[in-house]
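Structure first, then comments.
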2 protein chains.
Amino acid sequence: MARLVIRNCSVLVVPAEGECRVDEYQDIVIEDGVIDEVMPAGALAPAVDIEELDATGLIAVPGLVNSHTHSPMVMMRGAAEDVSIDDWFNRKIWPMEMNLTAERVKVGARLACAEMLLAGVTTFVDHYFHADQIAAAALETGIRADLAPTFFSSTGTDGREAAYEAARQVRALGESAARNGLPRITASLGPHATYTVSEEDLVRTAGVAQAEGFRIHLHAAETADQTQASMDRLGATPIQVLDRTNVLEAGALIAHGCGITDADLPILAKHAARTTVAACPKIYLKLAMGTTTPVRQLWSAGISVGVGTDGAAVHNTLDVWESLRLLALTQKQREQDAEWMTISDTLRLATRGGAAAAGMPDELGAIEPGRRADIALVDLSGPHCRPLHDPRAALVYSVRASDVVTVVVDGNIVVKDRKLTSADLDEILTDASDLAHTLVDLSRGGAVQHYAP
Amino acid sequence: MARLVIRNCSVLVVPAEGECRVDEYQDIVIEDGVIDEVMPAGALAPAVDIEELDATGLIAVPGLVNSHTHSPMVMMRGAAEDVSIDDWFNRKIWPMEMNLTAERVKVGARLACAEMLLAGVTTFVDHYFHADQIAAAALETGIRADLAPTFFSSTGTDGREAAYEAARQVRALGESAARNGLPRITASLGPHATYTVSEEDLVRTAGVAQAEGFRIHLHAAETADQTQASMDRLGATPIQVLDRTNVLEAGALIAHGCGITDADLPILAKHAARTTVAACPKIYLKLAMGTTTPVRQLWSAGISVGVGTDGAAVHNTLDVWESLRLLALTQKQREQDAEWMTISDTLRLATRGGAAAAGMPDELGAIEPGRRADIALVDLSGPHCRPLHDPRAALVYSVRASDVVTVVVDGNIVVKDRKLTSADLDEILTDASDLAHTLVDLSRGGAVQHYAP
């Protein structure tokens, strides 16, 4: 049995409700990847079979969850700037994605995993092509991931069935590599969106999901305009479409949901136990979408919300600290209420909400006995965090991803003293630089899909 | 004559108009604090009297300018969270400021200078009490600063005259420490705001400013509500008040200006050559102000705009990278135009716009011969910036303050290899921690001012 004790840290305690708090001078005892105990520092005697990690002066935070991303898109980071959402899809990204190959996706996914782990992101919830390559990168680097192989209806039966099969393979791979009962790599089904996948295909997907125990991760109700277009075209809001195609019944992770209406809320509430919405606030600003996810309304309906980065081709980073800060700021703005989206609620959303987005609400998202040992140790001693009147405020409003010192996933140390220990970062960066030009080449023409939501 | 050459860097070229570009493999030759030449790397032969700084792999960026802040308020960082703007002033900050002493301001200012320098901020434009203490901290740490001693009309003639005198003393201190013609520490007059300083006192201040060659730095038109309140109370918008009190004629740095109306623009345009507006977007979101600075409209009227952090008691950091990113994001949102506030415009605003805010539009803000050598050397090799399709996009949307490696102000190296070389950071942090509790003590009651704009 592998035992690890994190010695002498502060611990961010994120309860299911109410104020977060920080307990000082704690030891976290981990057995076989699971948190066994959180106890006052020094109460556990040293022993030869226990690995020790000195965390004096650091705060242990539940590993952050990137609740919605397309990780290999780091390869297009900075290559589609200052463009409208239409041009972003139709003139930049979807033509660029004609260049995808298994190798390029793998190189991008490895870079993404490295970036996230170094920033204290211990789980990412992904939606992309060549998911087997992303799974391999996640297994190698030690991060936790739920992967949804993307498909459009435009790629026909073959494309759809291949995506289902990819999900099955990712799941099998995750299960074969699992320890202590819970696979580190899981799979969801990944229809792209309600505007790119037909209702028939959504019904089929919900059927497969229910028969085989998958969740469904997709884009829906991204903007109010999209909701209106859905009503014009299908006579139903995107959420109503998800309801009548049984996607909600199967269990859905809905990316964005900025166009969710008040009338949608009772529909979502019926499926609250298996529905999560992922908010990615930086992209709503950058693409001038004029909106953001209605977190207050979703919470009122009992729906979990996580925070994500979306792909770095628009978000430019996979930094969940940046995302949670922007979430807090833009939610205050949205509700015109500076007392709303408190630091405690923000931290809860980024941890427990993320755990729900990853399909593991009871296994991740808090530093508590029985949960998986996914932990970021953060240094709040820099001048930008000092003096430290409130470490919770520092985590939401001052901290930088570079303040993450050490990261544990599933009980394994994958980042130590700000260095990735599970993979060769120099090699990852070199591979990415070498291949970067191939991803942004628009000379072959065409596009994987046309954006007209 | 002191000579420094920064060897083999990329250089961010920020022209007065049009696209920014990056020139690779450059040497920057500095003489007595002034940029003498920017030339292809290696063209200048080594010499015994030239100090060399190897910047291989780094990009040289004009030092960022924090265009509006209250630097010592770092001492209240994280102590006033999740409150309305009224409570922030009346229940938190202004009561806390009853605790200000010269020593506490000095400790806070030293911490602020350290935080900013380490993040590549080479100039800050400040508005606070005990400005002599802030000047001392700036002189010690090597940062450039323009300091406006704050006053309210509520403190009467004595308070006002003392603030003018403080500005004179700061200016004299800066001049006595100056090298090569341009003082590193300058002073402005600092009436707090159009809602806390009477028109009579603004007229007096404008008179002093014009007689003695000061600019005036103050808060005005912070929100649309404030503009309406001004019209109700005084029959004029805050900008009209600044006009009829001669403040605009004297030359003004206007903090925020979110409530500037279209009718105000021609008034500002008349004084465009000596007017700058400082935008601090993080606080507009955090305080749920429902607005932001109308940059597009101000630029159309020929008005310079800089970006700032405001005080860390609401902004939580003095990180101008964060501010310029939020500026770009919120400006796109404000104008509902993702093609607006491009990466080039954002970088120009943060550098040349900042130089105007500091009152040195021709001396700072660009890496060009004849300008002051205020330069940040930034490392874009981290995984969050890679692959590097566009270094300009990385600077706006990916970079972290922790990517700043070396900082030069006025030709002096003040940060090297991410360490502050001009002052003892450990001592600064310890002093701040030791005194932090004294600043947030509300037991003595009272407040420096009441907020009712």
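Worth saying up front: this structure is predicted, and the values here are computed from it rather than measured. In the text below, chain A, chain B and the rest are named by the order of the sequence lines, each starting its count at 1.
Contact of the B/P383 side chain with the A/L425 side chain is registered, since non-hydrogen atoms from C-beta on lie closer than 4.5 Å. B/H384 places none of its side-chain heavy atoms less than 4.5 Å from the side chain of A/D319.
With a threshold of 4.5 angstrom between heavy atoms, A/L118 approaches chain B through side-chain atoms but not through N, CA, C or O. Of the atoms belonging to A/M341, it is backbone heavy atoms, and not side-chain ones, that fall under 4.5 Å from chain B. In this structure, chain B has no heavy atom under 4.5 Å from any part of A/D403. Within the 4.5 angstrom heavy-atom criterion, no atom of A/L435 approaches chain B. Heavy-atom distances place no part of A/D434 under 4.5 Å from chain B, backbone and side chain included. For A/E81, the part sitting under 4.5 Å from any heavy atom of chain B is the side chain, from C-beta outward, and nothing else. Looking at A/E322, the atoms closer than 4.5 Å to chain B (heavy atoms on both sides) all sit in the side chain, from C-beta outward. Neither the backbone nor the side chain of A/R392 comes within less than 4.5 Å of any heavy atom of chain B. Using a 4.5 Å cut-off between heavy atoms, A/V83 touches chain B through its backbone atoms (N, CA, C, O) alone. Neither the backbone nor the side chain of A/A112 comes within less than 4.5 Å of any heavy atom of chain B. When heavy atoms are compared at a cutoff of 4.5 Å, A/I343 approaches chain B by way of both its backbone and its side chain. For A/R400, the part sitting under 4.5 Å from any heavy atom of chain B is the side chain, from C-beta outward, and nothing else. Interface remark: A/L326 contributes side-chain atoms only to the contact with chain B (heavy atom separation under 4.5 Å).
Of the listed residues (A/M289, A/R334, A/R386, A/E335), the greatest number of heavy-atom pairs within a distance under 4.5 Å of chain B belongs to A/R386. Per-residue counts of heavy-atom pairs under 4.5 Å with chain A were compared for B/L287, B/D87, B/L318, B/V440; the largest is that of B/V440. Contact count versus chain A (heavy atoms, under 4.5 Å) is highest, among B/L420, B/T330, B/T317, B/V396, for B/T317. Counting heavy-atom pairs closer than 4.5 Å to chain A, the top residue among B/A312, B/P391, B/C385 is B/C385. For the options B/A393, B/G108, B/A288, heavy-atom pairs under 4.5 Å to chain A are most numerous at B/A288. Most heavy-atom pairs under 4.5 Å with chain B, from the set A/S398, A/A432, A/A79: that is A/S398. Comparing A/H437, A/H315, A/R325 by heavy-atom pairs within less than 4.5 Å of chain B, the highest count is held by A/R325.
When the shell of 6.0 Å around CD of A/E339 is examined, it contains more than 12 heavy atoms from other residues, nucleotides or ligands. Heavy-atom neighbours of B/Q336 CD from other residues, nucleotides or ligands within 6.0 Å: at or below the threshold of 12. The neighbour count for B/R21 CZ, taken as heavy atoms of other residues, nucleotides or ligands under 6.0 Å away, does not exceed 12. Open room surrounds CZ on A/R91; 12 or fewer heavy atoms of other groups in view lie less than 6.0 Å from it.
Taking CD1 of B/I283 as the start and CG of A/L329 as the end, the distance is 11.5 Å to the nearest 0.5 Å. Between B/L285 atom CG and A/L285 atom CG the span is 7.5 Å, to the nearest 0.5 Å. Atom OG1 of A/T346 and atom CG of B/D82 lie 7.0 Å apart (nearest 0.5 Å). The line from NZ of A/K332 to OG of B/S84 is 10.5 Å long, rounded to the nearest 0.5 Å. In this structure, A/L388 CG and B/R77 CZ are separated by 9.5 Å, a value rounded to the nearest 0.5 Å.
Listed for the B/H389 side chain is a donor-acceptor partner under 3.5 Å among the backbone atoms of A/M75.
Closest non-hydrogen pair, A/P387 versus B/L111, comes out as CD-CD2, 3.7 Å. Annotation for B/Y397 and A/K282: closest pair O-NZ, 2.8 Å, computed over non-hydrogen atoms.
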